[in-house]
Amino acid sequence: MKNALKRLWQWLRKNVFNKEMFVWVVIAELIFWSPCIVTCLLAVIIDPWWWTAFGAICAFWAGPFTPAVPLQIGLAIALKKLYEKIKKHKRGE
């Protein structure tokens with residue numbers, strides 16, 4: 001068990017907790033929270049009723065038992081891997 005946790009921590013430090021990954025986490029956050037951003041803009045521009053939808057979405061994902069953080073990290077890793085695959089394909093490798 002100790003070795004498995006050590007390998008997990010090493011993998012996280014190498015692939016997730018680095019400067020390059022910070023950009024992907026920010027992009028993943030923008031994608032993940034885009035429904036909140038859109039409903040906020042709709043509330044400001046069109047109708048205040050959209051504040052209800054905004055609050056409901058935020059309340060749901062901010063709850064204690066939602067998988068928001070693992071989904072956001074997973075999305076960031078998936079975006080990074082997809083970018084690397086596209087970049088490799090364009091280079092002809």
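For reference, positions follow the sequence shown, starting with 1.
- Expressed to the nearest 0.5 Å, how far CD1 of I45 lies from SG of C40 amounts to 9.0 Å.
- Aromatic ring pairs are classed by plane angle as parallel below 30°, tilted from 30° to 60° and perpendicular above 60°; the pair W61 and F32 is perpendicular.
- Cluster membership for W50 and V38, using ILVMFWY side-chain heavy atoms within less than 4.5 angstrom, is shared.
- In the hydrophobic clustering of this structure, W33 does not group with I73; members are Ile, Leu, Val, Met, Phe, Trp, Tyr whose side-chain heavy atoms approach within less than 4.5 Å, directly or through other members.
- A heavy-atom distance below 4.5 Å is found between the side chains of M21 and I77.
- Tracing side-chain contacts under 4.5 Å through hydrophobic residues (I, L, V, M, F, W, Y), one reaches V69 starting from L8; they form part of the same cluster.
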Given the rule in the side-chain contact (heavy atoms from CB on, under 4.5 Å) test, do T52 and T39 qualify, once you have shown the distances and angles that lead to the verdict? CA-CA 9 Å; T52 306; T39 54; over 6 Å; no

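- Looking at D47 and L42, their side chains never come closer than 4.5 Å, going by heavy atoms from C-beta outward.
- Here the CD-CD1 distance, from E84 to I86, works out to 11.0 Å after rounding to the nearest 0.5 Å.
- With sequence neighbours left out, W49 forms a ring pair (Phe, Tyr, Trp, His ring centres under 6.0 Å) with no residue at all.
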After noting the C-alpha distance and the side-chain angles of T66 and L71, does the key distance pass the side-chain contact (heavy atoms from CB on, under 4.5 Å) rule? CA-CA 10 Å; T66 58; L71 285 173; over 6 Å; no

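- V25 is not listed as a side-chain neighbour of L75, based on a closest heavy-atom distance of 4.5 Å or more.
- Heavy-atom neighbours of W51 CH2 from other residues, nucleotides or ligands within 6.0 Å: above the threshold of 12.
- For the atom pair C36 SG and L41 CG, the distance stands at 11.0 Å (nearest 0.5 Å).
- Atoms CD and CG, from Q72 and L30 in turn, are 10.5 Å apart once rounded to the nearest 0.5 Å.
- A distance of 12.5 Å separates CG of L82 from NZ of K87, quoted to the nearest 0.5 Å.
- Taken together through direct or relayed side-chain contacts under 4.5 Å among Ile, Leu, Val, Met, Phe, Trp and Tyr, I37 and V44 form parts of separate hydrophobic clusters.
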